[in-house]
J.: 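Have a look at this one before I ask anything.
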Amino acid sequence: MTKPAFIIKGIVALVGCFAAAYVGQELLGGELLGFVVGGAILGVTAGPFLHAIIRWRKEKDATRARTP
């Protein structure tokens with residue numbers, strides 16, 4: 001994955017974290033529904049970023065395994 005793609009996914013994940021915190025605490029009053037909606041926001045925004053990090057790490061480990 002290219003560096004700009006990581007940066008864009010990182011920024012989206014950061015915005016998603018702030019949005020989830022706002023929705024979970026302020027907008028819905030910290031009730032269970034707020035946490036569920038906040039978790040869904042985190043899953044949609046931070047999930048692709050975390051999957052990209054895992055994929056990058058597997059590629060890096062595979063490269064190290066091939067190099068003597």
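When a residue number appears, it is its place in the shown sequence, counting from 1. Nothing here was measured: the structure is a model prediction, and the numbers come from that model.
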J.: Ignoring hydrogens, what is the shortest heavy-atom contact between G43 and P48? Give both atom names and the distance.
T.: O-CD, 4.0 Å

J.: Let me confirm one number: the CD1-CZ distance from I11 to F6, rounded to the nearest 0.5 Å.
T.: 13.5 Å

J.: How would you list, by chain and number, every residue that makes a side-chain contact (heavy atoms from CB on, under 4.5 Å) with A20, sequence neighbours excluded?
T.: I41, L42

J.: List the atom of V23, the atom of V37, and the distance in Å for their closest heavy-atom pair.
T.: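 Scanning both residues, the minimum pair turns out to be CG1-CG1, 3.6 Å.
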
J.: Where is the tightest heavy-atom contact between F49 and A13, given as atom of each residue plus distance?
T.: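 Distance-wise, the nearest heavy atoms are CB-CB, 4.1 Å.
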
J.: Examine V15 and V44 and state if one hydrophobic cluster contains both, with Ile, Leu, Val, Met, Phe, Trp and Tyr joined whenever side-chain heavy atoms are less than 4.5 Å apart.
T.: no

J.: Which distance, rounded to the nearest 0.5 Å, do you find between the NE2 of H51 and the CZ of R55?
T.: 9.0 Å

